[in-house]
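Here the structure comes first, spelled out in structure tokens, and everything after it is commentary.
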Amino acid sequence: MTSGNISTSAPSSPLGSIDLGGAEILDWSGQGRFGAATGGDEQLRIFAYNKNFTKARELARQTLRGDAQAVAVKGNRLAVAVSDDKTEQGLVQIFRWNPSKQKLKLTESVSGGFLPDSIAWSGDVVVTANEGEPNDFYGVEDGVDP
């Protein structure tokens, strides 16, 4: 089945493959013809495919200021939810992807609340859903509940 030029049926075998280090969350920029993936570590991976979605390749890798929880792409901008500890303030880091230089540039980094775990663009605004979990000692003297 097709809708315009886009096929809505799944292929019977993969069109292409790339090792993105245990990628958990990814988003795709139709405009910029690239994708971004996070895997719960301190790496943001930028990847691309050709127009037939074959010949996957990694374009860049960016070390973040904590563990990446999620990524959202809008045009050539990427928002990444970053957190080192579930009871500490996390970050939202905004990057701009330059496809001609294949470089990421950090443009903004702001507090993202306690354990920002999901992230999305709403127009030019970035929103996060924060888990804010208590630590393992919650309910005793060393407990912390953000």
Side-chain angles (χ1 to χ4, degrees), residues 3-4 6-11 13-50 53-146:
S3 174
I6 299 173
S7 174
T8 58
S9 62
S13 62
L15 297 175
S17 169
I18 186 171
D19 180 3
L20 293 172
E24 294 178 4
I25 307 293
L26 64 91
D27 201 6
W28 176 261
S29 170
Q31 271 183 314
R33 302 209 43 85
F34 71 94
T38 63
D41 58 9
E42 293 183 346
Q43 298 292 313
L44 172 64
R45 294 160 180 89
I46 306 299
F47 60 93
Y49 292 89
N50 65 10
F53 291 96
T54 59
K55 298 183 182 175
R57 65 193 188 284
E58 186 173 302
L59 302 175
R61 211 177 263 223
Q62 176 72 41
T63 300
L64 303 166
R65 292 179 44 197
D67 292 335
Q69 305 298 318
V71 62
V73 177
K74 179 181 179 189
N76 284 347
R77 294 183 296 169
L78 298 90
V80 186
V82 178
S83 181
D84 265 340
D85 185 301
K86 62 186 177 181
T87 61
E88 300 290 327
Q89 289 279 336
L91 294 172
V92 172
Q93 292 185 284
I94 309 291
F95 294 90
R96 183 168 300 280
W97 173 246
N98 183 327
S100 61
K101 294 182 181 180
Q102 293 194 350
K103 298 269 185 194
L104 274 173
K105 179 181 179 183
L106 179 64
T107 60
E108 215 171 327
S109 185
V110 297
S111 176
F114 293 95
L115 190 56
D117 190 52
S118 183
I119 195 163
W121 289 93
S122 177
D124 286 332
V125 175
V126 174
V127 291
T128 63
N130 300 342
E131 287 190 20
E133 298 176 21
N135 70 0
D136 295 337
F137 304 106
Y138 183 68
V140 296
E141 185 177 323
D142 293 333
V144 176
D145 184 0

Task: Under-4.0 Å salt bridge between D27 and K74 - done: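 Salt bridge between D27 and K74, a charged N being under 4.0 Å from a carboxylate O: no.
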Closest contact, heavy atoms only, [X] versus [Y]:
X: G112; Y: T128; value: O-OG1, 3.8 Å
X: V73; Y: S29; value: CG1-CB, 3.4 Å
X: A60; Y: W97; value: CB-CZ3, 3.7 Å
X: T87; Y: P134; value: CG2-C, 4.2 Å

- [ ] Could you go through the side chain to side chain contact (heavy atoms under 4.5 Å, CB included) check for Q93 and R65 one step at a time?
- [x] CA-CA 9 Å; Q93 292 185 284; R65 292 179 44 197; 3.8 Å; yes
TODO: Show your reasoning for whether side chain to side chain contact (heavy atoms under 4.5 Å, CB included) applies to N98 and N76.
DONE: CA-CA 7 Å; N98 183 327; N76 284 347; over 6 Å; no
From [atom1] ([X]) to [atom2] ([Y]), nearest 0.5 Å:
X: R96; Y: L78; atom1: CZ; atom2: CG; value: 10.0 Å
X: L64; Y: S83; atom1: CG; atom2: OG; value: 12.0 Å
X: K105; Y: Q62; atom1: NZ; atom2: CD; value: 12.5 Å
X: L104; Y: R77; atom1: CG; atom2: CZ; value: 14.0 Å

- [ ] Could you walk me through whether I119 and V126 pass the side chain to side chain contact (heavy atoms under 4.5 Å, CB included) test, one step at a time?
- [x] CA-CA 7 Å; I119 195 163; V126 174; 3.4 Å; yes
Task: L115 vs N130 side-chain heavy atoms within contact, under 4.5 Å - done: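 With C-beta onward as the side chain, the pair stays apart.
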- [ ] Check whether any side-chain heavy atom of L44 sits under 4.5 Å from a side-chain heavy atom of F95, and report yes or no.
- [x]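 Yes, at least one pair of side-chain atoms sits under 4.5 Å.
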Task: Pairs flagged by ring pair (Phe, Tyr, Trp, His ring centres under 6.0 Å) wherever residues 108-131 is involved - sequence neighbours left out - done: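 Those involving residues 108-131 do not exist here.
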- [ ] In sequence, state the C-alpha distance, the side-chain angles, and the governing distance for L59 and F47, and then conclude on side chain to side chain contact (heavy atoms under 4.5 Å, CB included).
- [x] CA-CA 5 Å; L59 302 175; F47 60 93; 5.7 Å; no
Task: Whether Q69 side chain and P116 backbone form a donor-acceptor pair below 3.5 Å - done: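 Looks like no, no N/O pair under 3.5 Å.
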Open item on the list: Using only atom types and a distance under 3.5 Å, with no angle test, would you say the side chain of T107 pairs donor to acceptor with the backbone of I94?
Closed with: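 Yes, T107 side chain to I94 backbone: donor-acceptor pair under 3.5 Å.
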Open item on the list: I'd like to check the salt bridge (charged side-chain N to carboxylate O under 4.0 Å, His left out) partners of E131; sequence neighbours left out, ordered by chain and number.
Closed with: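 Scan of E131 (salt bridge (charged side-chain N to carboxylate O under 4.0 Å, His left out), adjacent residues dropped) gives none.
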Task: Side-chain donor-acceptor pair present, Q43, T38, cut-off under 3.5 Å - done: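 Side chains of Q43 and T38: no pair found under 3.5 Å.
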- [ ] Any chance you could lay out the side chain to side chain donor-acceptor pair (under 3.5 Å) test for T63 and E42, step after step, and finish with the verdict?
- [x] CA-CA 6 Å; T63 300; E42 293 183 346; over 6 Å; no
